[in-house]
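Input: a single structure, listed below in structure tokens.
All ligand and atom numbering here is 1-based and tracks the order in the structure. Since the structure is predicted, the reported quantities are computational estimates derived from the model, not experimental observations.
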Amino acid sequence: MKKIFAALLAGALAISLVACGTSSSTASVASAGDSSKVTSAPASETPTLDAIKQKGKIVMLTSTGFPPYEYLGDDGKPAGVDIDLAQLVADDLGVELEVIDMNFDLLIDALKSGKGDFIAAGMTANEERATHIDFSQSYTANGLLMVVAAGNDTIKTAADLAGKTIAVQSGTTADLYANDEVEGAKVLTFNTPIEAGTAVAGGKADVAIIDNLPAKSIAESSNGKLQVIEGFITEEPMAMGIAKNQEDLVEEIDKVLAAAVKDGTVEALTDKHYEIAGA
Ligand code: GLN
């Protein structure tokens, strides 16, 4: 786990450094005793944050079944890295966090229609999605892995996917990959990657394509039925999603994520939830 995270962190840090370089400070300081420099506040530059503070809560949209980022805890409530990171944003704003759990393929429409303030769902920031929503800085360098039945040695590289029955979570980058990049694949879609893994364990699919840590967590929890093929078949930054034209909320989330990556919080939360969810 440590080694995996070190590699992830190197990528995430590089991204956060770029983010820090572009942040700007708008505060201006009047010289001591010169009150004439203090002007009345302009119209709010943070309308989204003002509205969230007014409501007293920030609403996160997610999709559980994706450990360690989001899964159902023993109390039946969503838990995971994304929930804890979202709580840091809520704490920083002094508001409550509400979490709404839904199928992954509904998240972007739900955000666009105002059902929540942001998406935190291990979501890959990609160009197509960025035409619909904005993304925060990346907090984890992620990639897709292949998961096969234990002992299956017919699938070793992405080239071996051709013509296979592939299980994926609907609406994910794995779904896109299986449909767009693999010749002659039969693609079976499921609501969660756990169900995709179960299809492989039960012999209904040859292989599942799942994000890095969820793939490892699901394989570890499979009682030896599943194995992960090492090596990313894609590389994809994970980020949070924010509706268009809400720059103030993007900046707020970036600020919290940059600090959490830098001071080791993301690493600690990832280790913690991987242990809990994989148990
Ligand atoms: N990272 C993948 C995507 O964005 C899967 C995310 C998920 O299943 N929660 O499509």
Side-chain angles (χ1 to χ4, degrees), residues 4 8 11-12 15 60-72 78-86 99-112 116 118-147 158 166-182 187-200 205 207-219 221 228 232-242 253 257 266 269-270 273-274 277-278:
I4 301 164
L8 293 181
I15 293 158
M60 161 185 169
L61 304 176
T62 196
S63 182
T64 57
F66 195 68
Y69 300 100
E70 35 271 331
Y71 56 95
L72 291 177
V81 178
D82 284 331
I83 286 88
D84 286 354
L85 291 175
V99 181
I100 301 182
D101 190 10
M102 63 183 69
N103 286 347
F104 186 85
D105 55 9
L106 300 176
L107 286 168
I108 289 180
D109 280 347
L111 181 71
K112 284 169 78 176
F118 67 112
I119 296 171
M123 185 173 271
T124 300
N126 68 17
E127 271 179 38
E128 200 280 322
R129 289 173 180 162
T131 64
H132 299 281
I133 61 172
D134 286 337
F135 283 105
S136 70
Q137 73 156 77
S138 168
Y139 54 97
T140 298
N142 168 57
L144 296 178
L145 290 173
M146 301 185 294
V147 179
I166 306 177
V168 296
Q169 182 184 18
S170 177
T172 60
T173 46
D175 189 358
L176 281 178
Y177 184 93
N179 278 293
D180 296 351
E181 311 288 337
V182 184
V187 184
L188 305 181
T189 55
F190 297 90
N191 284 333
T192 67
I194 295 176
E195 292 167 71
T198 304
V200 175
V207 54
I209 301 179
I210 303 175
D211 296 61
N212 180 32
L213 294 184
K216 290 176 176 158
S217 179
I218 289 166
S221 309
V228 167
F232 287 171
I233 59 171
T234 63
E235 296 198 10
E236 317 187 345
M238 270 185 191
M240 297 194 183
I242 299 100
I253 292 176
L257 290 179
V266 174
L269 290 175
T270 305
H273 287 291
Y274 191 89

What's the shortest heavy-atom distance between Asn191 and Gln169, and which atoms?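 So the minimum-distance heavy-atom pair works out to O-NE2, 3.1 Å.
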How close do Ile242 and Ile133 get, heavy atom to heavy atom, and via which atoms?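 Shortest heavy-atom separation between Ile242 and Ile133 comes out as O-CB, 3.5 Å.
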With sequence neighbours left out, write down each residue that passes side-chain contact (heavy atoms from CB on, under 4.5 Å) with Ala110, or none if nothing qualifies.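 By the side-chain contact (heavy atoms from CB on, under 4.5 Å) rule, Ala110 matches Leu61, Met102, Lys115.
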In chain order, what residues pass the salt bridge (Lys or Arg N to Asp or Glu O under 4.0 Å) check against Asp134, with sequence neighbours excluded?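 For Asp134, the residues satisfying salt bridge (Lys or Arg N to Asp or Glu O under 4.0 Å) (neighbours in sequence not counted) are Lys244.
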With sequence neighbours excluded, give me every salt bridge (Lys or Arg N to Asp or Glu O under 4.0 Å) pair touching residues 189-198.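 For residues 189-198, and leaving out neighbouring residues, there are no salt bridge (Lys or Arg N to Asp or Glu O under 4.0 Å) pairs at all.
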Tell me the residues surrounding ligand 1, counting only those with a heavy atom closer than 4.0 angstrom, sorted by chain and number.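 For ligand 1, the contacting residues are Phe66, Phe104, Ala121, Gly122, Met123, Thr124, Arg129, Gln169, Thr172, Thr173, Asp211.
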Pick from Asp211, Asn212, Thr234: which one makes a side chain to side chain donor-acceptor pair (under 3.5 Å) with Asn142?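 The single option meeting the side chain to side chain donor-acceptor pair (under 3.5 Å) with Asn142 is Asp211.
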